[in-house]
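Lettering follows sequence order; numbering is per chain, from 1. Because the structure is predicted, anything quoted here is derived from the model rather than measured.
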Amino acid sequence: MDSLYNPEGVEERWQQLWEEEGHYRADPEAPGEAYSIALPPPNVTGQLHIGHALNASTQDVLIRWHRMRGFNVLWQPGYDHASIAVHAVVERQLLAEGTNRFELGREAFVERTWRWLEQYGGIVMDQLRKLGASLDYSRERFTMDAEYIPAVLRFFVHLHERGFVYRDNRIVNWCPGCGTAVSDLEVDHLDVDDALTTVRYPLADGDGSISIATARPATILGDVAVAVNPDDDRYRDLVGREAIVPYVERRAPIIADERVDPAFGTGALKITPGHDALDFEIGRDHGLPELTVIGLDGRMNEHAGDLAGATQEEAEEQVLAWLRDRGQLEKREAFRHAVGHCNRTKDRIEPLITEQWYVEMRELAAPAIDAIREGRVRFTPRNQSAVALDWLENIRPWNVSRQLWWGQRIPAWYCPNGHTTIAETEPSACAECGSGELTQDEDVFDTWFSSALWPFATLRWPEQTRELDVYYPTDVLSTARDIIFLWVTRMMMAGSELTGEMPFHDVIIHSLVLASDGRRMSKSLGTGIEPDEVVAQHGADATRYGLLKMSSTQDVRFSIGFIEEGRKLANKLWNVARLILMNAADSEPDVRPRDVEERWILARLDATRAELQRHWDDFAFAAGANALYRLTFDDFCDWYAEAIKPRLQDPTDTDVRATALATLERLLKLLHPVMPHVTEEIWSQLPNRTSRLIVAPWPEPDNRFTADDRVLDRVQEAAVLFRRSGVAVQLHGDDRRIFDAVVKPDRVRADGDAAAEIDRLRKEIARAEGMLGNDRFVERAPADVVEAEREKLARYRRELEALGG
RNA sequence: GGGCGGUUAGCUCAGUUGGGAGAGCACCAGCUCGACAAGCUGGGGGUCACUGGUUCGAGCCCAGUACCGCCCACCA
């Protein structure tokens with residue numbers, strides 16, 4: 001064994017062995033209570049980023065811990081087909097080749113996408129392997145698998161049968177870059193520096209005018225009304241009259257609607273239902289025409305008269321010139337406002353009216369709301385449940401159609417008579433008129449429509465498989481904040497609707513890892529940290545440990561210090577194992593403590609086992625990792641190993657070696673869920689191994705050695721030492737310090753410090769006397785607190801007396 | 001416009017029913033004897049953002065302020 005632990009080679013070897021030997025594999029027929037987690041499926045085109053790595057590390061702790069405890073474990077891996085992201089990649093390639101998907105045609109495009117994915121997609125699972133994630137890779141699923149798609153179609157047909165599905169011409173967020181509509185959740189509102197133009201609209205009866213402010217003068221061509229707030233006295237007389245829309249010189253009614261903010265601009269709003277979401281709503285409510293003047297290509301369309309075919313910039317120029325010529329352009333000023341951008345391509349969203357498939361969500365949301373309220377689905381941290389609830393309670397219809405080709409094609413067929421047939425398999429004739437001339441809807445489903453089924457569709461639902469029986473519902477869902485609405489709540493709704501059960505009972509929302517300067521990690525900013533590189537440099541165990549320590553807060557800046565701490569821990573463990581194995585390789589592990597240090601470490605191992613149990617149950621991963629660090633460094637290495645070192649070299653002392661091996665075994669077991677590789681490597685070098693550590697049983701509670709015994713021992717011995725040496729010892733501190741004071745003689749204070757110690761004790765006594773002398777404290781504080789204070793006071797007095805103070 | 005989170009040592013962060021301010025890194029001093037210099041021992045360093053309140057007692061609970069960050073929302 002080298003003196004420096006080098007994870008290179010070691011980790012890869014164990015990853016291969018674990019997988020080959022089948023330890024990752026889930027068997028529904030295996031004994032034990034089921035414990036399952038579905039890994040949030042990464043994009044098939046994606047790379048592992050630091051958030052994935054953190055999320056995988058926490059899940060793997062739970063998975064490995066439960067595996068050791070004898071649960072029948074499934075950690076389900078797989079990929080999401082990520083319609084828009086894949087389109088972006090493949091279409092960029094086509095563009096580079098001087099073509100596009102429309103020239104290529106649908107079939108060829110899909111075929112090409114599959115080929116591209118075979119070559120370049122699906123690398124995240126290998127990256128997870130390198131992290132030591134013990135997923136059942138043999139069960140990898142893909143939302144575009146032939147076995148997965150039927151679940152998606154069933155979902156849609158089911159929703160249709162329930163009456164939740166409808167098709168409507170509504171205003172949508174059109175992403176010109178993607179060539180499709182996207183949902184509200186896929187739109188980021190970013191501040192943009194624009195101009196705000198104030199335009200005078202003459203009244204139709206020639207008597208005066210009304211002025212409006214707009215950020216998009218080109219859309220004036222689509223105006224169908226002018227709206228004011230009903231409580232706005234300035235315009236009350238104008239309501240019901242008509243204004244003349246500039247440029248097109250069309251008459252448009254002046255209407256009243258409370259959604260108009262009188263404080264903004266002139267207090268009057270031009271209504272353009274075709275190109276603004278608010279205007280669309282107001283237009284619908286007032287029965288206004290939905291005139292469209294901009295096409296899907298972003299240019300002015302045939303309704304734009306002489307501007308048809310112009311770009312929006314050109315159209316804006318023309319409109320502004322027209323207004324200026326007639327003196328109707330009152331003002332043009334700098335204006336900063338939030339504008340929707342596609343969160344995928346960063347293109348400016350174009351609100352357009354298109355025909356889309358919608359799902360009415362209110363009835364679906366109800367069971368999810370109840371489940372959260374009643375605690376059947378718990379969020380960690382707790383406050384995240386309020387965020388989910390708020391969204392569910394204000395849920396809006398979900399646009400599930402995307403004008404893309406890569407994805408599950410919507411199972412709706414149209415006949416020439418205008419009927420629609422929705423079915424899981426292609427119908428031979430129209431359900432209404434029997435026509436055989438059917439054409440399928442061109443659109444595919446929103447990616448999240450299929451991933452909403454992930455926890456059970458991966459188990460082959462709607463088939464009634466053994467896996468579904470055993471592993472569903474899953475236990476835990478762990479993910480980042482940003483997809484609570486996109487994914488988590490939708491899984492709850494879909495799961496409840498289709499299976500009658502919530503798909504999980506615990507939702508862990510882990511921290512968002514920021515760059516070290518506090519900015520978001522991003523490739524374009526150059527602030528990203530690649531987990532692969534961290535693993536290559538520091539090892540998977542160190543990376544896992546570091547990520548766990550970063551997992552506890554809402555946001556955390558990436559700090560390599562945590563990883564280095566993990567590396568230190570792995571190295572320390574390696575070396576203390578080396579010390580023990582050097583001397584005890586031929587011994588049998590057995591618990592035969594003779595010294596107080598040995599009872600101490602056995603008590604500490606047991607206490608930490610209990611502590612870890614609590615932390616892992618509470619999903620307090622950082623606290624668990626920290627407890628392991630303290631146990632390994634402070635307790636096991638710095639005290640226990642130091643204490644037994646002389647005895648280890650005594651060939652007649654077989655007890656110390658047997659105990660050392662036994663305690664090392666327990667330490668390795670406790671550490672394994674966090675640092676699987678280095679622990680398995682050491683485990684394999686212990687004498688007489690019959691099984692792998694990955695499936696070794698988690699330690700049982702061992703009450704033979706309690707902290708109380710040990711503390712008593714320590715205090716007594718410290719007192720003896722003090723009387724003998726005549727110097728002060730630090731007895732006031734916690735158990736650890738007491739132990740310290742005795743085991744490490746050089747930590748005992750020198751004579752010269754006795755005065756300082758007396759000072760300190762006097763202060764402590766004064767504090768305790770002050771508290772105990774306060775009647776209100778004695779009456780109102782909890783009895784155990786008062787009692788503890790009394791004991792402290794008595795102890796301080798004894799110590800002071802011993803010092804002659 | 002709503003909602004959530006943060007502010008603790010030079011840096012990154014812990015601090016779980018309110019009762020002695022902590023860790024890692026960095027820094028200083030010593031050890032540098034066969035597990036580990038990627039080590040060991042010791043040490044310096046903090047008005048726990050600010051103001052007020054509750055309490056015998058507040059980093060922790062309440063109210064407010066400032067700054068930072070995130071989410072949601074139909075500001076043209």
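The NE2-P distance, from A:His538 to B:C25, rounds to 14 Å in whole Å. Distance NE2 (A:His615) to P (B:U16): 12 Å, rounded to an integer number of Å. Between the CG atom of A:Asp618 and the C1' atom of B:U17 there is a distance of 13 Å, rounded to whole Å. In this structure, OH of A:Tyr640 is placed 14 Å from C1' of B:A35, rounded to the nearest angstrom. Here B:G39 presents its C1' atom at 13 Å from CG of A:Leu579, a figure rounded to the nearest Å. Put simply, CG on A:Asp634 is 10 Å from P on B:A23, counting in whole angstrom units. The CD atom of A:Glu642 sits 9 Å away from the P atom of B:A35 (whole-angstrom rounding). Look at CG on A:Leu547: it is 14 Å from P on B:C13, rounded to the nearest Å.
Among the nucleotides B:G24, B:A35, B:C13, the one closest to any side-chain atom of A:Arg630 is B:G24.
For the OP1/OP2 pair of B:G39 and a distance below 4.0 Å, the side-chain nitrogens and oxygens of A:Asn571 include no atom meeting the criterion. In this model, the phosphate group of B:G24 is not approached by any side-chain N or O of A:Lys549 to a distance below 4.0 Å at OP1 or OP2. Remark: A:Arg578 is not in phosphate contact with B:A35, judged by side-chain N or O atoms under 4.0 Å from OP1 or OP2. Dashed line: the shortest gap from a side-chain N or O of A:Lys568 to OP1 or OP2 of B:C36 is not under 4.0 Å.
Aromatic ring orientation, A:Trp391 versus A:Phe485: parallel (interplanar angle below 30°, classes split at 30° and 60°).
Taking the P atom of each, B:C40 and B:G3 are spaced 50 Å apart, rounded to whole Å. Nucleotides B:G45 and B:G5, compared at atom C1', are 29 Å apart to the nearest Å. Comparing B:G24 with B:U41, their P atoms are spaced 10 Å from each other, to the whole Å. Between B:C13 and B:G59, the two C1' atoms lie 15 Å apart (nearest whole Å). To the nearest whole angstrom, the two P atoms, one in B:A63 and one in B:C4, are 11 Å apart. When the C1' atom is used for both B:G2 and B:C48, the distance is 30 Å, rounded to whole Å. Nucleotides B:U55 and B:G19 have their C1' atoms positioned 12 Å apart, rounded to a whole Å. Taking the P atoms as reference points, B:A29 lies 15 Å from B:G44, given to the whole Å.
With respect to A:Arg259 and A:Asp285, a salt bridge is recorded, a charged nitrogen being found less than 4.0 Å from a carboxylate O. Between A:Arg216 and A:Glu350 there is a salt bridge, since at least one side-chain N of the basic residue sits less than 4.0 Å from a carboxylate O of the acidic one.
A:Arg382 is linked by a side-chain hydrogen bond (donor to acceptor under 3.5 Å, both in side chains) to nothing, counting only residues two or more places apart in sequence or in another chain. Partners of A:Glu186 under the side-chain hydrogen bond (donor to acceptor under 3.5 Å, both in side chains) rule, at least two apart in sequence or in another chain, are A:Ser183, A:Arg402.
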query: Going 5' to 3' along nucleotides 69-76 of chain B, which nucleotides have protein heavy atoms under 4.0 Å from the base (write B), which only from the sugar-phosphate (write S), and which from neither (write -)?
result: BSSS-BBB
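The cationic atom of A:Arg604 (NZ for Lys, CZ for Arg) does not lie both less than 6.0 Å from the six-membered ring centre of A:Trp639 and within 45° of the ring axis. For the pair A:Lys572 and A:Tyr629, the cation-pi test (distance below 6.0 Å, angle within 45°) is failed.
Residue contacts shown for A:Ser552 are limited to sugar-phosphate atoms, with no base heavy atom under 4.0 Å away.
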